[in-house]
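Have a look at the structure below, then the notes.
If you read the sequence from its start, that first residue is 1, and numbering goes on from there.
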Amino acid sequence: MVCRAVLLCALSAGVVGSAEPNQLTPQERAAGWRLLFDGKSTAGWEEITGKPFPANCWTIENGCLKAIPRKDGFQDIRTKEAFREFELEFDWMLMADGNSGVKYLVQKVDEWVNKDGRQARARGLEYQLADDHNEDAASDASRVAGSLYSVIAPVPKVAPRIGEFNHSRLLVQGGAVEHWLNGTRVVRFAIAAPEVQNHLRELRKDSGEILLQSPISLQNHSSETWFRNLKVRVK
């Protein structure tokens, strides 16, 4: 399975995004895009708690940031930079039954140790990445790929390509958010919408002010997940 995924990572390099993975075209640079991952190093990334990059459960493989399933703990990672209004594009790949996510407007970070080791998680709005046949995703329409996890189901529902790269776009601007999956807008909402505000307050778990600026976090949900072509432009 791993060998197959590595091969796909190498062979599907030109499917979406730039002509070469993890590079910007002159037009993209002129438009204000910049890379969050150069395909070679973990520069600009750290554990979600702010500790050094967790090489125990993340690695760089064939030009991809890859989440590694572990039996001794796993942690999310985040950009060292925080973002308020931005446009993010990225490619991602999961295998069958996979589950992951990209989190933004992070409200808090949880860290704990259980029988599976040390865990560290971002608690924020989540662009869900999943095989829609995964048990969690199949349990609720608001947990399939492209959804605002546990809050808003994608309309239309776009089934992700499993074992191949998918392309996602996340836009946070002017108090509104859009999720795009493989060229289709699947979610749009206002941050001020009651159900979104309630969710943000549940994530904070205190009476503090809702945070509207935070790092961007990639989730390690104990599934092999490949990320590449991570690029952002600030609005």
With the 4.5 Å side-chain cut-off for hydrophobic clustering, are [X] and [Y] part of the same group?
X: L181; Y: L148; answer: yes
X: W45; Y: W58; answer: yes
X: Y127; Y: I48; answer: no
X: I216; Y: V234; answer: yes
X: L211; Y: L203; answer: no

inquiry  = According to side chain to side chain contact (heavy atoms under 4.5 Å, CB included), who are the partners of E195, at least two apart in sequence or on a separate chain?
reply    = V151, A193

Between [X] (side chain only) and [Y] (backbone N and O only), is there a donor and an acceptor less than 3.5 Å apart?
X: R201; Y: K205; value: no
X: N198; Y: P194; value: yes
X: T42; Y: F53; value: no
X: R34; Y: R233; value: no
X: Q107; Y: L105; value: yes
X: D97; Y: D131; value: no
X: T79; Y: E81; value: yes
X: E87; Y: L170; value: no

Quick one, [X] and [Y] - any side-chain contact, counting heavy atoms below 4.5 Å?
X: F74; Y: H221; value: no
X: I191; Y: I210; value: no
X: F37; Y: I60; value: yes
X: I77; Y: P54; value: yes

[atom2] on [Y] to [atom1] on [X], rounded to 0.5 Å:
X: L129; Y: M93; atom1: CG; atom2: CE; result: 12.5 Å
X: W92; Y: L218; atom1: CH2; atom2: CG; result: 13.0 Å
X: E89; Y: L36; atom1: CD; atom2: CG; result: 11.5 Å
X: L35; Y: E28; atom1: CG; atom2: CD; result: 8.0 Å
X: S222; Y: D116; atom1: OG; atom2: CG; result: 7.5 Å
X: K66; Y: E61; atom1: NZ; atom2: CD; result: 4.0 Å

If I compare all heavy atoms of [X] with all of [Y], which pair ends up nearest, and what's the gap?
X: L171; Y: R169; result: CD2-NH2, 3.9 Å
X: D132; Y: P160; result: OD2-CD, 3.5 Å
X: S223; Y: G98; result: OG-CA, 3.7 Å
X: S147; Y: S142; result: OG-O, 3.0 Å
X: D76; Y: A122; result: OD2-N, 3.0 Å
X: V144; Y: P154; result: CG2-CG, 3.4 Å

key: Ionic contact status for D38 with K40, cut-off 4.0 Å   = no

message = Looking at R123 and D110, is any side-chain nitrogen of the basic one under 4.0 Å from a carboxylate oxygen of the acidic one?
response = yes

message = Test side-chain contact (heavy atoms from CB on, under 4.5 Å) on V177 and R188; report intermediate values, then the result.
response = CA-CA 6 Å; V177 175; R188 188 178 193 280; over 6 Å; no

request  = Look at the rings of F189 and H179 and say which category their plane angle falls in: under 30° parallel, 30 to 60° tilted, over 60° perpendicular.
outcome  = perpendicular

inquiry  = Could you check whether atom CD of E135 has more than 12 heavy atoms from other residues, nucleotides or ligands sitting under 6.0 Å from it?
reply    = no

message = Applying salt bridge (charged side-chain N to carboxylate O under 4.0 Å, His left out) as the test, list every pair that has at least one member in residues 139-153; sequence neighbours left out.
response = D136-R143

message = Just to verify, which of F227, F90, W180 counts as forming a side-chain contact (heavy atoms from CB on, under 4.5 Å) with S168?
response = F90

message = Please determine whether side-chain contact (heavy atoms from CB on, under 4.5 Å) holds for the pair T225 and N220, giving the CA-CA distance in whole Å, both sets of side-chain angles, and the decisive distance to 0.1 Å.
response = CA-CA 8 Å; T225 312; N220 187 330; over 6 Å; no

task = Please assess E178 against V172 for the test side-chain contact (heavy atoms from CB on, under 4.5 Å), listing each intermediate value before the final yes or no.
result = CA-CA 7 Å; E178 296 180 2; V172 181; over 6 Å; no

query = Does W33 have any side-chain hydrogen bond (donor to acceptor under 3.5 Å, both in side chains) partners at least two apart in sequence or in another chain, and if so, which?
reply = none

ask   = Only one of Q119, R121, K51, Q75 forms a side-chain hydrogen bond (donor to acceptor under 3.5 Å, both in side chains) with E111, so which one is it?
value = K51

ask   = Between W226 and E224, is any side-chain donor less than 3.5 angstrom from a side-chain acceptor?
value = no

ask   = Among side-chain atoms of D91 and N229, is any donor-acceptor pair under 3.5 angstrom?
value = yes

inquiry  = side-chain contact (heavy atoms from CB on, under 4.5 Å) for V186 and V155? Distances and angles first, verdict last.
reply    = CA-CA 5 Å; V186 294; V155 179; over 6 Å; no

query = Which residue, K80, R118, R78, forms the salt bridge (charged side-chain N to carboxylate O under 4.0 Å, His left out) with E47?
reply = R118

